[in-house]
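Let me begin by presenting the structure, written as structure tokens, before commenting on it.
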Number of protein chains: 2
Amino acid sequence: MVSKTVVTAFQSAGHDHQRCLEDALAYAAETCARRGVRLTRLREQVLRLVWGNHEPVKAYDLLESLRRDHEGAAPPTVYRALDFLLKEGLIHRIESLNAYIGCGDPSSPHTGQFLICRKCNSVAELNDPEIGELIASKTKQIGFKMDHQTIELSGICPKCSG
Amino acid sequence: MVSKTVVTAFQSAGHDHQRCLEDALAYAAETCARRGVRLTRLREQVLRLVWGNHEPVKAYDLLESLRRDHEGAAPPTVYRALDFLLKEGLIHRIESLNAYIGCGDPSSPHTGQFLICRKCNSVAELNDPEIGELIASKTKQIGFKMDHQTIELSGICPKCSG
DNA sequence: CAATTAATGTAATGTTATAACATCGACCCA
DNA sequence: TGGGTCGATGTTATAACATTACATTAATTG
């Protein structure tokens, strides 16, 4: 498997998403097993829905999808699963969109930098250490003890800008 | 007036907030006049409330305050004023908190980097060009045409960790 | 297999934000 | 100066996002 630490997406035309999805699910299962946490049917199904494509997904859209084969799903059903997946680093929340997206590299805990295309809505996860480190050093300089970065960049992706 | 381009807040003990507030309001009035846009009573009052302190303020808290001397204020009353102030760069929205904060340097349009103290809730606006430029160059490298940065850093401020 | 804890079900409600249409008021200009 | 225009605000309703609280079920452990 090619390293995903630099950039996940934007996807090329030949992207085999079925494969991408199955890889992510397998990886999640393995990760949870290793950590001794339970990737239940419900949680796996939510993860699968989040990974449906490379666009951020909204909680209530997930809820609607989920209801197709899980009658009786309610907001807490979805939010609990999302909380679990967030905690395990299997998905990220995009604050500026109130939406969720699959994590391109759940191997180690991290906070990515998200590139959001406002034309096609796709999101790429950049995980550039230089950016993270520059910010860490600048904030440290002024005595701020940073523990979390939220970096969301909106614009036009390579595919959409031709 | 000392340049505010590097960092606004965290406020020291001797911070004269009355003065800080009046400066910001005067600056806003001047800016709007220059641009030919109307800083109406309502908009100014909302700006004053946002500048009440150096913590982000929630829209419905503003609404409640506003109602004290503006009976009949409703959500659109507040959100319209916030939209105006955001557009004119007089305030910023903190995405990760769904809250609003006065802009430390409305002179030129910009997107700051926000340092959010999760202990005292104060927010400092860092406006470090190196960070902005590094991100701009990295994203450009991969063909992304960035037009907006959201950078929100949470942690413990110097005062709280001191 | 009983006890315990984690996960899920269920109903209600809290919080954040916008839509749609009516009215008011500032400004322009003939 | 009075009427037209457009931006601002009033008002009602509802959409969109998220959590609380408590009941029930399922997995895990001693």
Side-chain angles (χ1 to χ4, degrees), chain A residues 28-29 32-50 55-88 90-101 116 121 150 152, chain B residues 28-29 32-33 35-50 55-88 90-101 121 150 152:
Chain A
C32 290
R34 189 164 6 90
R35 294 181 187 162
V37 296
R38 293 169 54 201
L39 185 63
T40 60
R41 259 183 79 76
L42 185 57
R43 291 166 173 173
E44 189 187 33
Q45 195 172 3
V46 171
L47 180 57
R48 181 183 294 276
L49 291 169
V50 172
E55 295 177 29
V57 188
K58 307 221 149 213
Y60 275 69
D61 290 343
L62 286 171
L63 178 54
E64 200 185 326
S65 304
L66 195 56
R67 277 179 167 152
R68 288 203 237 294
D69 51 22
H70 190 99
E71 183 185 353
T77 314
V78 166
Y79 283 105
R80 283 170 185 151
L82 290 172
D83 286 347
F84 170 85
L85 298 169
L86 285 166
K87 192 161 95 182
E88 298 304 326
L90 299 169
I91 63 173
H92 291 291
R93 175 175 159 85
I94 309 290
E95 298 291 345
S96 58
L97 300 175
N98 295 332
Y100 305 83
I101 191 155
I116 305 167
N121 298 316
T150 297
E152 300 174 7
Chain B
C32 289
R35 293 180 188 164
V37 296
R38 294 169 53 201
L39 186 62
T40 60
R41 260 183 78 76
L42 185 57
R43 289 166 173 174
E44 189 188 32
Q45 194 172 3
V46 170
L47 181 58
R48 181 183 295 275
L49 291 170
V50 172
E55 296 178 27
V57 188
K58 307 223 149 210
Y60 277 73
D61 290 344
L62 286 172
L63 178 54
E64 199 185 326
S65 304
L66 195 56
R67 276 177 166 155
R68 288 203 236 294
D69 51 22
H70 189 100
E71 183 184 354
T77 314
V78 165
Y79 282 105
R80 284 169 185 151
L82 290 172
D83 286 346
F84 171 85
L85 298 169
L86 285 167
K87 193 160 93 181
E88 298 304 326
L90 299 169
I91 62 174
H92 290 291
R93 175 176 159 82
I94 308 290
E95 299 291 347
S96 57
L97 300 175
N98 295 331
Y100 305 84
I101 191 156
N121 299 316
T150 297
E152 301 175 7

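So that the names make sense, note that chain A is the first sequence line, chain B the second, and so on, each numbered from 1.
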Rounded distance (Å) that lies between atom [atom2] of [N] and atom [atom1] of [X]:
X       : N      : atom1 : atom2 : result
B:Glu71 : D:dG10 : CD    : C1'   : 12 Å
A:Leu42 : D:dT25 : CG    : C1'   : 13 Å
A:Leu86 : D:dA18 : CG    : P     : 11 Å
A:Glu95 : D:dC17 : CD    : C1'   : 12 Å
B:Leu39 : D:dA8  : CG    : C1'   : 13 Å
B:Tyr60 : D:dA18 : OH    : P     : 15 Å

Any side-chain donor paired with an acceptor under 3.5 Å for A:Glu152 and A:Ser96? yes
What I want to check is whether the side chains of B:Asn98 and A:Glu95 have a donor and an acceptor closer together than 3.5 Å. no
Test item: B:Arg43 side-chain N/O and B:Ala81 main-chain N/O as donor-acceptor pair under 3.5 Å: no
So, A:Arg93 side chain and A:Tyr100 main chain: donor-acceptor pair closer than 3.5 Å or not? no
Heavy-atom nearest nucleotide on DNA chain D for B:Phe84 versus B:Pro75: which residue maps closer to 5'? B:Phe84
Contact nearer the 5' end of DNA chain D, comparing A:Pro76 with B:Pro76: B:Pro76
Closer than 4.0 Å, any side-chain N/O of A:Tyr79 to the OP1 or OP2 of D:dA18? yes
Phosphate oxygens OP1/OP2 of D:dG10: is one of them under 4.0 Å from a side-chain N or O of B:His70? yes
Hey, could you give me the CZ/CD1 distance between B:Phe84 and B:Ile91, rounded to the nearest 0.5 Å? 10.5 Å
How long is the gap from CG on A:Leu97 to NZ on A:Lys58, to the nearest 0.5 Å? 6.5 Å
Taking heavy atoms of chain A and a 4.0 Å limit, find me the 5'-most and 3'-most nucleotide of DNA chain C within that range. C:dA7 to C:dA11
Base, sugar-phosphate, or nothing: which does A:Arg41 touch, judged by heavy atoms less than 4.0 Å apart? nothing
Quick check on side chain to side chain contact (heavy atoms under 4.5 Å, CB included): which of B:Leu39, B:Leu85, B:Thr40 does B:Cys32 satisfy it with? B:Leu39
Between the base of D:dG7 and the side chain of B:Arg80, is there a donor-acceptor distance below 3.5 Å? no
Closest-nucleotide mapping onto DNA chain C: is A:Thr77 or B:Asn98 further toward the 5' terminus? I mean the 5' end. A:Thr77
